[in-house]
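For reference, the structure is listed below as structure tokens.
Residue numbers start at 1 and run along the sequence shown. In listed order, ligands and their atoms are each counted from 1.
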Amino acid sequence: MSQKEKAKILIVDDEIRVREILSRKLTDDGYHCLSAADGNLALKMLKTDPVELVLLDIMMPGKTGPEVLKEIRSHYPDTAVIMVTAIADVQTAIGLMRMGAYDYIIKPIELNVLSVSLDRALEKRKLIIDNRDYQQHLEQRVEEQTKKIRQSFLNSTTSLAYALEAKDKYTHGHSERVTKIAVAVAKEMAASKNIAEKIKLAGLLHDVGKIGVSELILNKPGRLTDEEFELVKAHCEVGERILSPIVEDKEILEMVRHHHERYDGKGYPDGLSGQQMTKGSNIVVAADSYTKVLSQGAMALAVADAYDAMTSDRPYRPAMPPEEACSELVKGKGKQFAPIIVDTFISLMNKGKKSIRFLPKIIMSKDNR
Ligand SMILES: [Fe+2]
């Protein structure tokens with residue numbers, strides 16, 4: 001649709017003859033025209049029926065053209081105004097342009113001049129509005145674009161982590177299982193939806209740093225040498241480093257970095273320790289102190305990770321039965337693992353909780369808990 005078909009123009013002039021001639025000409029040209037005999041009526045009309053452009057006579061009884069112009073500029077800044085004057089006075093014209101008029105034309109109006117002036121004013125108005133919208137939405141667009149880029153990086157990183165797991169029958173599906181367990185435990189402990197989401201992402205990506213560890217070491221059938229073990233341990237920090245340009249959330253990065261820490265502070269890479277938690281305490285460390293203590297997420301991931309590792313086949317040993325793995329978790333309570341996390345996990349297993357239905361329902365004896 002052309003600009004002319006859409007534009008609505010208000011003609012403000014005290015001479016009925018001028019209003020009629022202009023209205024006929026502009027309607028013939030495809031504009032939609034309204035007219036007003038004085039400034040007050042024009043302002044009243046604008047209140048209920050906004051227009052793209054006002055053709056405004058300067059000399060009128062009542063409110064003068066410049067007075068009306070001033071009000072239009074302040075109340076309807078998106079309305080273009082062309083002043084119409086019988087006075088061929090350059091100074092007046094410059095003054096009106098300074099007040100915000102787009103153009104001025106001199107009476108008697110030459111219809112060709114009017115057409116050119118209207119086209120130019122409407123084009124300028126459109127540019128101003130488009131530019132302002134662009135500026136206003138620029139920030140939002142940049143943000144959306146950044147989000148998309150991040151998500152796409154994240155997707156590729158997750159795919160890479162999965163591809164790495166898929167190559168090894170022993171770790172196939174590990175991240176997903178760990179995620180399900182850790183999220184189920186966190187939810188059972190009344191973690192907020194937000195925290196559960198963070199744990200989910202951290203769980204899916206927790207071992208992404210293994211991309212940086214040689215497959216020969218990862219798949220080595222026998223015991224690792226001290227040197228090799230140091231290289232494997234580095235996957236926590238490498239994971240954090242890989243993710244930090246794409247994951248802004250410090251809590252997620254903290255969970256990835258600390259999923260091999262121990263409750264008693266003897267884990268790696270930083271030797272952080274956990275702290276007593278009760279159900280619903282929802283411990284999440286503030287971003288500025290996130291390296292000081294282990295968060296609920298990191299501790300839940302540690303338990304889930306250990307359980308899945310124990311119950312998966314390894315090149316050097318067969319999978320442990322679930323009951324036995326749970327007993328190991330219980331033995332590690334307060335040492336390797338946060339007691340409340342182990343208790344919650346065992347209780348979920350006992351209940352055969354739907355969210356971790358892929359795990360067998362087990363019944364641990366009271367002395368074993
Ligand atoms: Fe790991």
**OP:** For the pair Lys147 and Glu144, find out whether any cationic side-chain nitrogen is under 4.0 Å from an anionic carboxylate oxygen.
**Re:** no
Original post:
the Fe ion (ligand 1) to His206: any N/O/S contact under 2.8 Å?
Top reply: no
**OP:** Is it possible for you to say whether Tyr102 and Val12 belong to one hydrophobic cluster, with membership spreading through side-chain heavy-atom contacts below 4.5 Å?
**Re:** no
**OP:** Go through the side-chain N and O atoms of Glu254 and Ser295 and say whether any donor and acceptor fall under 3.5 Å apart.
**Re:** yes
**OP:** Assign the ring pair His206 / His174 to parallel, tilted or perpendicular, where the plane angle (0 to 90°) is split at 30° and 60°.
**Re:** tilted
Subject >> Which atom of His235 approaches the Fe ion (ligand 1) most closely (N/O/S) >> reply: NE2
**OP:** Could you pull out the atom name of the N/O/S atom in His259 that is nearest the Fe ion (ligand 1)?
**Re:** NE2
**OP:** Specify which N/O/S atom of Asp207 comes nearest to the Fe ion (ligand 1), by atom name.
**Re:** OD1
